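The structure that follows is given in the form of structure tokens.
Here is how names work: the chains are called A, B, and so on, in the same order as the sequence lines, proteins then strands, and each is numbered from 1. Source: prediction; values computed, not measured.
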Amino acid sequence: MTTIQLKKVTKNLGGHDVIRDVSMVMHSGQIYGLQGINGSGKTMLMRLICGLIRPTRGEIRINDEVLGREITFPKSAGLLLESPAFLDMYSGFDNLKLLALIQMKIGEQEIRDTLRSVGLDPNDKKKYRKYSLGMKQRLGIAAAIMEAPDIVVLDEPTNALDTSGVEMVKEIILAQKKRGALVIISCHDLTLLRSMADEIFVLEAGSVTDHLMIPDTERGHLP
Amino acid sequence: MKYIKLLRFDIRNGIAGNWGLFLAPVILAVFAFTELKWRVSALWVYDATYENFTLSYADCLVYTYGGMAKYIPNPTNPFQFPARWGGTFLLLFLFTLSYPVRDMHSFGQQVLIRSQSRLAWWLAKCTWNLLCSVLYHGLITLSLLCVCLATGADLAGEAHAEMLCLVFQTTLTGTAQYTAIPAAAFFLPAVASAAISLLQMTLSLFLRPVFSFLAVSVLMVSSAYYLTPFLPGNYAMFIRHVFFTMEGVTVSAGYYASVSLIAAAVLAGSIRFHRYDIIHRE
């Protein structure tokens, strides 16, 4: 059981509050949506939760451990932040293999399975630099989910994807929820978020302006 | 264990993955040798023996890392930055800055989070940086050796101090009795360069990366302008050593200063990176 708790988190950058007094609680087995226009603070909030940046005020607890004090990063997290970034000179498979070598949680077979699940061919020798935008996005999602992390953070996961790609992302996200992961996704499209998320936090100028609980009847339908 | 994994990752991607950039030291070495050969042959106006002078390997090393003689401000003697010497170092600094910055804002974030340790990540980058400096200067040294072998230069001979002073338009001062340069001195430019490179990487955590590069560029220009042991660029200039200049820097001071700077940069960077916000600033 994973719980993320944000207590009055504020992040100030260059004298400007990019995140202001945000409090929220998230639990595993749920999908949380962050919705807002560009610059509303979605990505910054995700960076805070991943431990890449530190709050100016307030604290973030992951399973009762304070991020940045008791733990440096969430112990089990997969992320796709902004645009996916991989090493140009390697294939998608080789990129994921390099990442998997750090924690040694999974082997080649799991990497192949993950690549197939996002619609990429694990035997494709094409270098990452020759990937289309859609393929890059799929590889980014694969990197985030391949080690079955407790926390999955996906920033605009449907970017650069066609309709079938969006459907695939939705299936992947729901599969993560089913296995008990805590999923956080950001999207500026509220209708799309409503079709997946259990709860949505609406952000405006770094503050949470609305918290929507999505009824079961609304979920599972693509717009 | 994490550190070893991260270091292997950096070596694979930051060195092996960028092998093209390591062609530069080979080109720089060939260029320095050719330039020295040409400048020595032009010395025949002072002494006819220079027309068919046999260079030694030590001459080539001293010339490549010579820098410039002590500058004495004078209206008739405008300051001229030793461009080839400066370029040799600044090219390395550009490379040792671009990879860590690029990595931190792209693939490296995934690596960092999986490693669970900011300290291991930072120490791996510092070690990678040191290895880059050693490899870069090692390649220059090796390339010079190859060129010397190919052209029949004297491999075992000592540096010709009087010839080098003529080339650098200075005179032997101080003891006036030139003694052989100790082997330890030949490693000093690489060690001083590693120290400045690490200083730059640490500065990039406090300033924007472009400003940290500008800061070390200013440091190199200042080192050329002022002969003082407090500006580490002086240790990377052979012609500023006590072998050639009375008030020159010593090899031991160079090692003390460089190692202290390396330790300070690693430590300051570790402390800073512990709370550093990883946001793309450029």
| said: For the OH atom on B:Y226, are there more than 12 heavy atoms of other groups (residues, nucleotides or ligands in this structure) within a distance under 6.0 Å? | reply: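 For B:Y226, atom OH is not crowded (no more than 12 foreign heavy atoms under 6.0 Å).
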| request: Measure distances from A:N95 to the heavy atoms of chain B and classify the residue's part below 4.5 Å as side chain, backbone, both or neither. | output: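 Both parts, backbone and side chain.
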| field | Where A:R54 and B:D277 come nearest, the two heavy atoms and their spacing | value |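 Closest approach of A:R54 to B:D277: N-OD1, 2.9 Å.
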| message | Looking at A:N123, I'd like to know if its CG atom is crowded, meaning that more than 12 non-hydrogen atoms belonging to other residues, nucleotides or ligands lie closer than 6.0 Å. | response |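 Above 12, so yes.
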| field | Euclidean distance, B:I278 CD1 relative to A:I53 CD1, rounded to 0.5 Å | value |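 Answer for the CD1-CD1 pair, A:I53 versus B:I278, is 10.0 Å.
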| request: Flag yes if more than 12 heavy atoms outside A:M1 fall under 6.0 Å of its CE atom; otherwise flag no. | output: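 Check passes, neighbour count above 12.
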| request: Heavy-atom distances under 4.5 Å only: say whether A:K75 touches chain B with side chain, backbone, both or neither. | output: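 Both parts, backbone and side chain.
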| request: List in chain and number order the residues that pass ring pair (Phe, Tyr, Trp, His ring centres under 6.0 Å) with A:F201, two or more places apart in sequence or in another chain; answer none if no residue qualifies. | output: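 Expected list: A:H211.
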| query | So what's closer than 4.5 Å to chain B heavy atoms on A:L98: side chain, backbone, both or neither? | reply |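 Side chain only.
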With a cut-off of 3.5 Å and sequence neighbours excluded, list every side-chain donor-acceptor pair involving residues 15-23 of chain A.
from	atom 1	to	atom 2	distance (Å)
A:D17	OD1	A:N12	ND2	2.8
A:S23	OG	A:K8	N	2.8

| Does A:Q5 CD have over 12 foreign heavy atoms under 6.0 Å away? |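 Counting neighbours around CD of A:Q5, more than 12 heavy atoms of other residues, nucleotides or ligands fall under 6.0 Å, so yes.
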| Proximal component of A:I71, with respect to chain B [non-hydrogen, under 4.5 Å] |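 Neither part; nothing is under 4.5 Å.
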| request: Check the surroundings of atom CG in A:L133: do more than 12 heavy atoms from other residues, nucleotides or ligands lie under 6.0 Å from it? | output: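 Atom CG in A:L133 is not packed in, count stays at 12 or less.
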| Donor-acceptor contact present, side-chain B:N13 to main-chain A:L87, <3.5 Å |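 Such a contact is absent between B:N13 side chain and A:L87 backbone.
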| field | Smallest separation among heavy atoms of A:A143 and B:R114, with atom names | value |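 Looking at all heavy atoms of both residues, the shortest contact is O-NH2, 2.7 Å.
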| Where along residues 26-36 of chain B does a heavy atom come under 4.5 Å of chain A, listed by residue number? |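 Answer by number: none.
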| query | Taking the six-membered ring of A:Y90, is the NZ or CZ of B:R12 close enough (under 6.0 Å from the centre) and on axis enough (within 45°)? | reply |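 Yes.
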| query | Around A:R69, counting heavy atoms of other residues, nucleotides and ligands shown, do more than 12 lie under 6.0 Å from its CZ? | reply |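 Not buried by this count: 12 neighbours or fewer within 6.0 Å.
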| Beyond-backbone contact of B:L112 with A:F73, side-chain heavy atoms, under 4.5 angstrom |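 Counting from C-beta outward, B:L112 and A:F73 do come under 4.5 Å.
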| task | To the nearest 0.5 Å, tell me how far A:L99 CG sits from B:S115 OG. | result |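 Here the interatomic distance stands at 11.5 Å.
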| query | Quick one: are A:T72 and B:S117 in side-chain contact, heavy atoms under 4.5 Å? | reply |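 In short, these two side chains do not touch, never coming nearer than 4.5 Å.
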| message | Any side-chain to backbone donor/acceptor pair from B:Q110 onto A:L96? Under 3.5 Å, distance only. | response |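 No, B:Q110 side chain to A:L96 backbone: no donor-acceptor pair under 3.5 Å.
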| Side chain / backbone / both / neither for A:R47 at chain B, heavy atoms under 4.5 Å |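 Just its side chain gets close to chain B.
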| said: Just so I know, are the side chains of A:I102 and B:F9 near enough to count as touching, which here means a heavy-atom distance under 4.5 Å? | reply: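 When only atoms from C-beta onward are counted, B:F9 and A:I102 do not touch, as no gap falls below 4.5 Å.
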| said: Counting only heavy atoms not in B:R8 (residues, nucleotides, ligands), do more than 12 fall under 6.0 Å from its CZ? | reply: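 Atom CZ in B:R8 is not crowded, with 12 or fewer foreign heavy atoms closer than 6.0 Å.
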| If you take all heavy atoms of B:Q109 and A:L52, which pair is closest and at what distance? |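 B:Q109 and A:L52 have their closest heavy atoms at OE1-CD1, 3.6 Å.
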| query | Minimum heavy-atom separation for A:M44 to B:I279, with atom names? | reply |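 That would be SD-CD1, 4.2 Å.
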| said: Any heavy-atom pair between the side chains of B:K5 and A:L101 that's under 4.5 Å? | reply: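 No - every pair of side-chain heavy atoms lies 4.5 Å or more apart.
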| query | Are more than 12 heavy atoms from other residues, nucleotides or ligands located less than 6.0 Å from atom OH of B:Y256? | reply |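 Atom OH in B:Y256 is not packed in, count stays at 12 or less.
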| query | For A:P149, is it the side chain, the backbone, both or neither that has a heavy atom under 4.5 Å from a heavy atom of chain B? | reply |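 A:P149 has no heavy atom closer than 4.5 Å to chain B.
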| query | Listed by chain and number, what are the ring pair (Phe, Tyr, Trp, His ring centres under 6.0 Å) partners of B:Y255, not counting sequence neighbours? | reply |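 Counting only residues at least two positions away or on another chain, B:Y255 forms no ring pair (Phe, Tyr, Trp, His ring centres under 6.0 Å).
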